[in-house]
Visitor: 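One structure is given below, represented as structure tokens, and several questions about it will come after.
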Amino acid sequence: MPRMREKENYRARLKAVGLRHTLPRERILSYLDRKNVHPTPEELYNGLKKRGYDIGLSTVYLNLHVLREHGLIYEFRDPKGLTRYDGYNEPHVHLVCTSCGKVEDLLLKNLPELDLSQAQKAAAEKSGWALENFRLEFRGLCPNCQE
């Protein structure tokens, strides 16, 4: 179970977007708030059950939808078409294996030569859009699939 400081962090994040705090939301955020965790709803459900949490699969689906709609987590499809979720808040890009479907986080602070804020600014200027953020995904073969 999350420590007190983490619990307050989840409460504040939920409140900031107008959601009330519930244990399922806190537990889902806690599970997703780690690097390299991109579960399907079923994988998330099984992971929470392994932690000893009494939660229903329909509760997981409902809360994933609500958390995504309020911008607290990110939903994406992997190369196999499975819906996956990401709640890791550090700026990062996804490395996606087109063979096995593995998704790995690469922190932007580890890529100082990649200035995506300038790319976002240039895209906004060219398009006239008021861009708020971006998601970047690199696709290829992971080290295991290259063998």
Side-chain angles (χ1 to χ4, degrees), residues 1-111 114-121 123-124 127-145:
M1 182 174 258
R3 290 172 279 187
M4 190 56 74
R5 183 181 297 166
E6 291 171 337
K7 287 176 82 105
E8 291 306 316
N9 176 33
Y10 298 131
R11 285 180 202 272
R13 285 169 58 191
L14 289 163
K15 185 178 180 180
V17 297
L19 291 175
R20 67 183 179 86
H21 173 268
T22 65
L23 277 178
R25 289 176 185 165
E26 177 184 310
R27 290 173 176 163
I28 289 169
L29 286 173
S30 174
Y31 191 93
L32 292 174
D33 198 20
R34 297 176 291 142
K35 186 176 179 218
N36 291 325
V37 174
H38 308 94
T40 65
E42 293 80 10
E43 290 168 348
L44 174 61
Y45 167 77
N46 290 327
L48 291 171
K49 293 297 264 185
K50 283 182 183 174
R51 289 184 174 185
Y53 298 139
D54 184 26
I55 191 168
L57 183 58
S58 61
T59 301
V60 169
Y61 271 100
L62 173 71
N63 282 287
L64 285 172
H65 175 76
V66 169
L67 294 170
R68 179 185 54 82
E69 287 296 310
H70 285 82
L72 293 174
I73 61 174
Y74 174 64
E75 176 186 280
F76 65 98
R77 297 219 186 267
D78 70 13
K80 296 182 179 186
L82 298 173
T83 301
R84 297 193 170 273
Y85 291 89
D86 184 3
Y88 188 56
N89 290 325
E90 292 291 319
H92 67 282
V93 299
H94 285 156
L95 304 175
V96 180
C97 182
T98 54
S99 179
C100 70
K102 177 181 179 176
V103 180
E104 192 172 300
D105 293 331
L106 181 61
L107 298 178
L108 288 180
K109 67 183 178 187
N110 295 337
L111 297 170
L114 186 62
D115 190 352
L116 295 175
S117 62
Q118 288 295 354
Q120 180 179 336
K121 183 179 176 183
S127 68
W129 284 54
L131 300 177
E132 298 170 359
N133 57 42
F134 58 88
R135 293 283 176 175
L136 183 61
E137 180 177 285
F138 293 113
R139 291 178 174 235
L141 296 176
C142 70
N144 290 338
C145 292

Visitor: Taking the six-membered ring for Trp, are H92 and H94 parallel (under 30°), tilted (30 to 60°) or perpendicular (over 60°)?
Guide: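 The rings of H92 and H94 sit tilted, inter-plane angle from 30° to 60°.
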Visitor: Measure the shortest side-chain to side-chain distance between Y85 and L44 over non-hydrogen atoms and say whether it is less than 4.5 angstrom.
Guide: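 SC-SC contact between Y85 and L44 ruled out.
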Visitor: Let me know which of R13, K15, E8, R11 forms a side chain to side chain donor-acceptor pair (under 3.5 Å) with H21.
Guide: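 Per the side chain to side chain donor-acceptor pair (under 3.5 Å) rule, the option paired with H21 is R11, out of R13, K15, E8, R11.
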Visitor: Considering residues at least two apart in sequence or located in another chain, which fulfil the side chain to side chain contact (heavy atoms under 4.5 Å, CB included) criterion with L82?
Guide: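 Here the qualifying residues are T40, D78, R84.
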Visitor: Do any N or O atoms from the side chain of D86 and from the backbone of H38 form a donor-acceptor pair under 3.5 angstrom?
Guide: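 Looks like no, no N/O pair under 3.5 Å.
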Visitor: Answer yes or no: is there a side-chain heavy-atom contact under 4.5 Å between N63 and I55?
Guide: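 No, every pair of side-chain atoms sits at 4.5 Å or beyond.
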Visitor: Is the side chain of R25 donor-acceptor paired with the backbone N or O of R20 at a distance under 3.5 Å, no angle test?
Guide: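 Indeed, once roles are kept as given, a pair shorter than 3.5 Å links the two residues.
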Visitor: Nearest heavy-atom pair of E90 and Y88: which atoms, and what distance?
Guide: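 Taking E90 first and Y88 second, the nearest heavy atoms are CG-OH, 3.3 Å.
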Visitor: Indicate yes or no: at least one non-hydrogen side-chain atom of L64 is less than 4.5 angstrom from one of L32.
Guide: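 A side-chain contact exists here, since the closest heavy-atom pair is under 4.5 Å.
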Visitor: Does some side-chain heavy atom of F76 sit less than 4.5 Å from a side-chain heavy atom of E137?
Guide: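 Result yes, sub-4.5 Å side-chain heavy-atom pair found.
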Visitor: Counting only heavy atoms not in E132, do more than 12 sit closer than 6.0 Å to its CD atom?
Guide: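 No, the 6.0 Å shell around CD holds no more than 12 heavy atoms from other groups.
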Visitor: Identify the heavy atoms of S99 and K80 that sit nearest to each other, and give their distance.
Guide: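 Heavy-atom minimum between the residues: O-CE, 3.8 Å.
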Visitor: What distance separates T59 OG1 from L23 CG, expressed to the nearest 0.5 Å?
Guide: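 Atom-to-atom, T59:OG1 and L23:CG are 11.5 Å apart.
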Visitor: Quick check against the 3.5 Å criterion: does D33 have a side-chain atom that pairs as donor or acceptor with the backbone of L29?
Guide: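 Judged by distance alone, no pair lies under 3.5 Å.
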Visitor: What distance separates S30 OG from L48 CG, expressed to the nearest 0.5 Å?
Guide: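 S30 OG to L48 CG: 8.5 Å, rounded to 0.5 Å.
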Visitor: Can you name the closest pair of heavy atoms from G101 and P79 and give their distance?
Guide: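 Here G101 and P79 meet closest at CA-CD, 4.3 Å.
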Visitor: Does K49 have more than 12 heavy atoms from other residues, nucleotides or ligands lying within 6.0 Å of its NZ?
Guide: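 Count over threshold, so yes.
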Visitor: Are more than 12 heavy atoms, taken from residues, nucleotides or ligands other than R5, located less than 6.0 Å from that residue's CZ atom?
Guide: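 Not buried by this count: 12 neighbours or fewer within 6.0 Å.
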Visitor: Please check if the side chain of N36 supplies one atom and the backbone of E104 the other of a donor-acceptor pair under 3.5 Å.
Guide: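 No; judged by distance alone, with no hydrogens or angles, the pair does not exist.
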Visitor: Would you say that more than 12 heavy atoms from the other residues, nucleotides or ligands in this model lie under 6.0 Å from the CG of N110, or not?
Guide: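 Counting neighbours around CG of N110, more than 12 heavy atoms of other residues, nucleotides or ligands fall under 6.0 Å, so yes.
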Visitor: Testing L106, D105, L107 one by one against V93 for a side chain to side chain contact (heavy atoms under 4.5 Å, CB included), which residue passes?
Guide: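 Going through L106, D105, L107 one by one, the side chain to side chain contact (heavy atoms under 4.5 Å, CB included) with V93 is satisfied by L106 alone.
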Visitor: Could you tell me whether R27 sits above the aromatic face of Y31, with NZ or CZ closer than 6.0 angstrom to the six-membered ring centre and within 45 degrees of the axis?
Guide: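 Because its charged atom misses either the 6.0 Å distance or the 45° angle limit, R27 does not stack over Y31.
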Visitor: So, for P41 and L57, which heavy atoms are closest and what is the spacing to 0.1 Å?
Guide: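 Minimum heavy-atom contact is O-CD1, 4.2 Å.
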Visitor: Does the E26 side chain pair with the main chain of K7, one donor and one acceptor, at a distance under 3.5 Å?
Guide: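 Absent.
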